[in-house]
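A quick write-up on the structure given underneath.
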Protein chains: 2
Amino acid sequence: MSDAQPYIARRPKRADGARNYDAILSAARKAFETQGADASLEEIAGQAGVAIGTLYRHFPTRASLVEATTREGLAELISRAEALAGTEDPLAALDEWMRRAVRHISTFRGLVGILTRSMYDEGTPSHAACSAMHSSGAHLLRAAQEAGRVREDLTADELFDLLSGAAWVRENALADRDGSPRFVQMVLEGIVTRPAAG
Amino acid sequence: MSDAQPYIARRPKRADGARNYDAILSAARKAFETQGADASLEEIAGQAGVAIGTLYRHFPTRASLVEATTREGLAELISRAEALAGTEDPLAALDEWMRRAVRHISTFRGLVGILTRSMYDEGTPSHAACSAMHSSGAHLLRAAQEAGRVREDLTADELFDLLSGAAWVRENALADRDGSPRFVQMVLEGIVTRPAAG
DNA sequence: CAGTTAACCTGAGGCAACCTCAGGTAGTCA
DNA sequence: TGACTACCTGAGGTTGCCTCAGGTTAACTG
């Protein structure tokens with residue numbers, strides 16, 4: 001029942017508007033990376049040298065600001081998936097893509113939560129990107145399954161559960177220990193088909 | 001550098017104090033379950049029929065309130081681990097315990113985050129419980145490894161990464177789809193030692 | 001270059017939640 | 001019954017959210 005249209009912020013044409021848009025985006029990136037997705041918007045506006053109303057003009061929603069800061073990263077991830085889709089070893093492709101995905105999805109604390117919600121909720125700024133990511137991931141998964149390298153009963157939704165679990169662990173990792181690479185490794189070894197003989 | 005002593009709320013002795021303590025705890029449980037760990041403390045106080053200052057008297061910190069609401073559950077989980085430690089099949093024991101742990105750790109949205117932080121931060125109300133949980137989990141893991149059922153290179157910290165990833169997925173699951181059972185299944189199949197011949 | 005338009009900016013202010021503290025209340029014990 | 005003190009209350013300072021009425025200015029037009 002969400003008739004709220006997803007608001008995708010676009011860089012405005014007027015010079016001052018574009019300048020402020022960029023400044024806010026840059027301040028937001030910094031703030032999200034150091035304080036997480038719930039960083040103070042008023043402080044972001046302040047850092048950008050802009051009044052709070054201006055921030056809300058360009059990004060009416062916290063989610064829309066998050067979307068804008070992660071747009072390029074997700075686009076890159078998706079195009080990467082397309083490149084990997086043509087590779088000769090579909091399991092290696094899936095492996096590499098999963099590691100990249102985990103990294104992108106956990107750029108800052110709180111991102112995984114926003115993105116997983118976006119994945120299944122259409123009234124959300126990041127929905128389009130998440131949906132595209134879902135498709136490209138599903139495509140790589142299917143290829144690996146068709147090559148007989150990954151167990152048949154794993155669905156794409158389940159794969160994304162595993163990915164977001166790994167990403168969450170990375171997001172919340174202590175400074176000196178990121179468990180996500182091993183996490184992904186374990187997951188991968190759990191989903192590959194086993195050779196009939198060791 | 002956290003010299004803040006962990007504050008463990010204890011049920012006060014005076015009749016009115018004990019009554020309010022229980023009322024707050026009960027209201028908090030309800031609120032956390034429906035709204036997550038960031039439910040409004042003022043609303044919890046209101047539901048308990050108590051002024052906000054009274055809530056803060058008994059639970060000076062949101063974390064201390066969370067600790068109190070989850071204390072019994074965690075204690076039960078730990079005693080369950082001790083019972084399972086004597087079992088003849090250490091892999092089955094680990095399996096069952098992991099599923100239980102995931103369920104307990106994700107009683108409400110936001111809990112996993114609080115508990116994983118507690119696990120490595122001593123200045124935290126839940127640290128003792130988390131630490132004990134870590135030990136009992138590590139014990140079950142080691143038993144399964146010594147029986148040759150689980151890969152040797154998996155550390156306890158890594159096991160808890162996997163567990164908390166699964167719990168996070170469960171916490172944030174849509175109403176109609178809890179992916180955590182399959183998550184745990186995949187994880188388990190990733191960490192068991194493979195029979196030399198299928 | 002002056003005039004017009006609308007995109008843009010500002011920041012006060014209402015709202016909600018957090019947390020503290022000075023002052024009042026009432027269980028408990030002797 | 002009186003004294004002690006654990007306990008309770010709720011106003012109020014603080015921060016962050018978000019809106020909106022009113023002012024500013026970039027950009028276009030003749």
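First the proteins, then the strands, lettered A, B, ... as listed; each starts at 1.
Defined by atom type and a distance below 3.5 Å, a donor-acceptor pair is missing between the side-chain atoms of B:Asp157 and B:Thr155. Defined by atom type and a distance below 3.5 Å, a donor-acceptor pair is present between the side-chain atoms of B:Arg170 and B:Ser106.
With sequence neighbours left out, the side chain to side chain contact (heavy atoms under 4.5 Å, CB included) criterion links B:Ala68 to B:Tyr21, B:Leu25, B:Phe59, B:Arg71. Contacts of B:Arg10 classified as salt bridge (Lys or Arg N to Asp or Glu O under 4.0 Å), with partners at least two apart in sequence or in another chain: none.
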Seminar exercise, completed: With B for base contact, S for sugar-phosphate-only contact and - for none (protein heavy atoms under 4.0 Å), nucleotides 20-30 of chain C reads B------SS--

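If you measure from atom CD of A:Gln35 to atom C1' of D:dT15, you get 14 Å, rounded to the nearest angstrom. The nearest whole Å value for the distance from the CZ atom in B:Phe59 to the P atom in C:dC18 is 15 Å. Atoms CG (A:Leu55) and P (C:dC9) sit 11 Å apart, rounded to a whole Å. Taking atom CG of A:Leu65 as the reference point, atom P of D:dC17 lies 11 Å away to the nearest angstrom. Going from atom CZ of B:Arg10 over to atom C1' of D:dC7 covers 18 Å, rounded to whole Å.
Sorted by first and then second residue, the side-chain hydrogen bond (donor to acceptor under 3.5 Å, both in side chains) pairs involving residues 39-59 of chain A (not counting sequence neighbours) form an empty list. Among pairs with a residue in residues 128-149 of chain A, those fulfilling salt bridge (charged side-chain N to carboxylate O under 4.0 Å, His left out) read A:Asp89-A:Arg149, at least two apart in sequence or across chains.
B:His58 has no side-chain polar atom (N or O) that falls below the 4.0 Å cut-off from OP1 or OP2 of D:dC7.
Using cut-offs of 30° and 60° for the angle between ring planes, the B:Tyr120 and B:His134 rings count as perpendicular.
Side-chain atoms of B:Glu171 come within 3.5 Å of backbone atoms of B:Leu111 as a donor-acceptor pair (strictly under, hydrogens ignored).
Residue whose closest nucleotide on DNA chain C sits further toward the 5' end, between A:Gly17 and B:Arg62: A:Gly17.
At a non-hydrogen distance threshold of 4.0 Å, B:Ala39, B:Ser40, B:Leu41, B:Glu42 from residues 37-44 of chain B come into contact with DNA chain C.
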